[in-house]
Amino acid sequence: MDYKLYAATYCPFCKKVIDFMEKEGIDKVDVLFVDKDDEAKKALLEGSGGKQVPCLNFGDQWMLESDDIIAYMKENLI
């Protein structure tokens with residue numbers, strides 16, 4: 001499955017998820033920074049219907065909230 005994490009460089013909740021990924025060695029997720037990449041910002045708006053980050057996308061799913069994303073990663077990506 002193709003995983004994308006939409007994040008912002010200034011977002012502490014995004015940093016929390018990215019730090020978790022680094023600690024656990026999760027490298028299956030592409031991190032896209034919406035504040036640096038207009039295409040990523042557009043994809044997030046179109047896909048999730050909003051601009052909230054962090055947002056994990058896989059398949060047709062758009063998951064918000066850093067704690068929910070980390071819990072999903074613990075169960076499915078480690």
Side-chain angles (χ1 to χ4, degrees):
M1 183 154 323
D2 187 28
Y3 291 95
K4 293 183 177 101
L5 179 70
Y6 293 88
T9 57
Y10 53 82
C11 170
F13 299 103
C14 299
K15 180 167 176 30
K16 176 181 174 180
V17 175
I18 293 167
D19 288 349
F20 170 79
M21 290 171 44
E22 289 174 357
K23 177 181 169 239
E24 296 297 332
I26 297 172
D27 60 359
K28 302 172 189 169
V29 179
D30 291 326
V31 178
L32 305 169
F33 291 100
V34 298
D35 55 327
K36 292 185 172 188
D37 182 343
D38 288 337
E39 288 300 315
K41 181 189 254 181
K42 181 179 176 184
L44 174 65
L45 287 169
E46 289 176 0
S48 73
K51 57 185 178 178
Q52 181 178 336
V53 291
C55 181
L56 180 65
N57 169 245
F58 51 98
D60 292 337
Q61 300 292 317
W62 293 84
M63 180 178 291
L64 301 170
E65 302 298 332
S66 58
D67 290 337
D68 293 341
I69 292 169
I70 289 170
Y72 176 85
M73 289 181 174
K74 283 180 181 177
E75 289 185 24
N76 298 283
L77 299 178
I78 294 179

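All values derive from a computational prediction rather than experimental measurement. The first residue in the sequence is number 1, and the count goes up from there. Side-chain atoms are counted along with the backbone in the values below, which use heavy atoms only and exclude waters and symmetry mates.
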Atom pair [atom1] ([X]) and [atom2] ([Y]), whose distance is rounded to the nearest 0.5 Å:
X: Lys28; Y: Leu77; atom1: NZ; atom2: CG; result: 5.5 Å
X: Gln61; Y: Ser48; atom1: CD; atom2: OG; result: 12.5 Å
X: Ile69; Y: Asn57; atom1: CD1; atom2: CG; result: 10.5 Å

If hydrophobic clusters are built by linking Ile, Leu, Val, Met, Phe, Trp and Tyr wherever their side-chain heavy atoms come under 4.5 Å apart, do [X] and [Y] end up in the same one?
X: Met63; Y: Ile26; answer: yes
X: Tyr6; Y: Val29; answer: no
X: Ile18; Y: Trp62; answer: no

Where do [X] and [Y] come nearest, in terms of heavy atoms and distance?
X: Asp35; Y: Ala8; answer: OD1-CA, 3.4 Å
X: Val31; Y: Ala7; answer: CG1-CB, 4.4 Å
X: Met73; Y: Phe20; answer: CB-CE2, 3.8 Å
X: Leu32; Y: Ala40; answer: CB-CB, 3.8 Å

Identified side chain to side chain contact (heavy atoms under 4.5 Å, CB included) partner of Phe33 from the options Thr9, Leu5, Val53: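 That would be Thr9; it is the only one of Thr9, Leu5, Val53 passing the side chain to side chain contact (heavy atoms under 4.5 Å, CB included) with Phe33.
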Selection residues 38-63 - residue pairs positive for salt bridge (charged side-chain N to carboxylate O under 4.0 Å, His left out), sequence neighbours left out: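 Listed by first then second residue: nothing to list.
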Report the residues that fulfil salt bridge (Lys or Arg N to Asp or Glu O under 4.0 Å) with Asp27, sequence neighbours left out, ordered by chain and then residue number.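 Residues passing salt bridge (Lys or Arg N to Asp or Glu O under 4.0 Å) with Asp27: none at all.
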Between Phe58 and Tyr72, how do the two ring planes meet: parallel, tilted or perpendicular, split at 30° and 60°?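 Answer is parallel, since the angle falls under 30°.
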Residues in ring pair (Phe, Tyr, Trp, His ring centres under 6.0 Å) contact with Phe13, at least two apart in sequence or another chain: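 Scan of Phe13 (ring pair (Phe, Tyr, Trp, His ring centres under 6.0 Å), adjacent residues dropped) gives none.
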